[in-house]
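Scroll down for the structure; my scribbles are underneath it.
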There are 2 protein chains.
Amino acid sequence: MSENVGRWLRDEIENSILSNEFSPGERLDETVLATRFGVSRTPVREALMQLDAIGLIEIRPRRGAIVIDPGPHRVYEMFEVMAELEGLAGSLAARRLDKASREAITATHSRCGQSASAGDSDAYYYDNEEFHKAIYAAGRSEFLEEQCVQLHRRLRPYRRLQLRVRNRLSTSFSEHCAIVDAIFAGDGDEARRLLRTHVGIQGERFSDLVASMAVR
Amino acid sequence: MSENVGRWLRDEIENSILSNEFSPGERLDETVLATRFGVSRTPVREALMQLDAIGLIEIRPRRGAIVIDPGPHRVYEMFEVMAELEGLAGSLAARRLDKASREAITATHSRCGQSASAGDSDAYYYDNEEFHKAIYAAGRSEFLEEQCVQLHRRLRPYRRLQLRVRNRLSTSFSEHCAIVDAIFAGDGDEARRLLRTHVGIQGERFSDLVASMAVR
DNA sequence: AAAGCACTTCTTGTATACACGATCATTGAC
DNA sequence: GTCAATGATCGTGTATACAAGAAGTGCTTT
């Protein structure tokens, strides 16, 4: 529970939102949350204000907080920005790669390979996250890394949906291979290009996304 | 003062930080702020929590809030990300340009030209902001636009310092011209490339930045 | 005289109380 | 029977009170 109830609550509620325990559009009642977590309304309010500032919920004056529903189009836009940032991280990684980062990328990449060949989509989902984080870190830009991690977290639920699509697992992994090659070869432009297409949502993948979002 | 004291305070304090009224490293006393703005500590705390979530200040448990000092290196990283996002916005603008956006870009661009030829650095500073915002809007990606506007705001103080550098005004405007040409020609790749170099900080501009930051 | 310990004071963290606004239901009128 | 208006109830917004921890200061001891 750390030292700070407000901070703790923020993470707790954020996770509940990102894991879809609180659905988009759902109203978050301060009193209910307070009793549920066994604290008073004050830290709950502070947590909600922070989530509002981040953009996860919206607090309408005198009308309470609701979980923001991005909608397919906005999620697409978020992936578009994510692709751009990951591209930058990849190009930086290719230029600045050092021994430790290289090993981290290799390790997470091979774990992805194992999960992919095992067809374990849940394991791959986790390993994939670590792989991308390793690339952010290799870029050696703290600010970029933070932005990437934050956006990555917000897109987590949709990424998960995407992995369910047929053949996505092996396709994703072979793209990873090419990305690793480009980074290790020091080819920043190529790494950028590959990551952009890997992360971005083009063509039929957009309709896949819409379809999977409509199911919920 | 709007409807919401907390929201209002957040903007107020944020502006005070961005306009350097509160210096980096300075401690923000809740009670002092409360009496200064004539409210109780509660909305002040809520405003501070939000600023902490955005990353403008840091709240250390039981030790109060301090204004974050990014430091030259981190500011450089922020400009790097900004360049990337603006590049994306430019490429989208080139593809999706419509009549209204075209007129907005033309109008803000010509205003920049007037300020530049008049040598009015303060006016140019403002017009430049409007010009860039017109490009964000022309990209037709709400999420990207929000991200750009937010980062733009955080970088505002440093951008202002940069404009003071000799000849930067005319250089900046001629870069604008090329950017506008590329966007109007529908050349997304060129617009992206030009905006990246326009916004990013390369070579001696980095030492200019460090020097101007050291003065404060 | 300097260093360490204890005490006091100040500030933050959480809870609770109170007021205002919004929503919903009920009743009355058309 | 339906629509509108008014009142009641519930929930948010702000203030204040109280507790706990950190920092600074003063005293004592070596």
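Chain letters run A, B, ... following the sequence lines, proteins first and then strands; every chain starts at 1. All values below were derived from every heavy atom in this structure, side-chain atoms included, with hydrogens, water molecules and symmetry-related copies excluded.
- Ion pairing of A/R168 with A/D208 is absent here, as no side-chain N (NZ or NE/NH1/NH2) approaches a carboxylate O to less than 4.0 Å.
- Residue A/D29 contributes atom CG, which lies 12 Å from atom P of D/dG13 at whole-angstrom precision.
- Rounding to whole angstrom units, CG of residue B/L28 and P of C/dC10 are separated by 20 Å.
- Distance CG (A/D52) to P (D/dG13): 10 Å, rounded to an integer number of Å.
- A/N15 contributes a side-chain N or O that, together with a main-chain N or O of A/D11, makes up a donor-acceptor pair within less than 3.5 Å.
- Distance from the side chain of A/P43 is smallest for C/dT14 among the nucleotides D/dT12, C/dT14, C/dT12.
- Applying the 4.0 Å criterion to OP1 and OP2 of D/dG13, one finds that A/R45 has a side-chain N or O inside that range.
- Each of C/dG13, C/dA15, D/dG11 was ranked by its minimum atom distance to the side chain of A/S40; first place goes to C/dA15.
- Within the 4.5 Å cutoff, no side-chain heavy atoms of B/H198 are placed close to those of B/L194.
- Between A/E12 and A/R36 there is no salt bridge, since no side-chain N of the basic residue sits under 4.0 Å from a carboxylate O of the acidic one.
- A close approach under 4.0 Å does occur between a side-chain nitrogen or oxygen of A/N4 and OP1 or OP2 of C/dT14.
- Out of D/dA23, D/dT14, C/dT12, the shortest distance to the side chain of B/R62 is found at C/dT12.
- For the pair A/E46 CD and D/dA15 C1', the computed distance is 14 Å after rounding to whole Å.
- Contact check, A/T42 against C/dT14: no side-chain N or O comes under 4.0 Å of OP1 or OP2.
- Atoms CD1 (A/I59) and P (C/dG21) sit 19 Å apart, rounded to a whole Å.
- The distance between atom CG of B/L33 and atom C1' of C/dT11, rounded to the nearest whole Å, is 13 Å.
- If you take CE of B/M49 and P of D/dG13, they are 16 Å apart, rounded to a whole angstrom.
- Between B/R41 and A/R60, it is A/R60 whose nearest contact on DNA chain D lies nearer the 5' terminus.
- Closest to the B/E30 side chain, of the nucleotides D/dT12, D/dT16, C/dG13, is C/dG13.
- Side-chain N/O atoms of A/R7 include none lying less than 4.0 angstrom from OP1 or OP2 on C/dT14.
- Remark: the backbone N or O of B/F143 is paired with a side-chain donor or acceptor of A/E77 at under 3.5 angstrom.
- Distance, B/R27 CZ to D/dA23 C1': 9 Å, rounded to whole Å.
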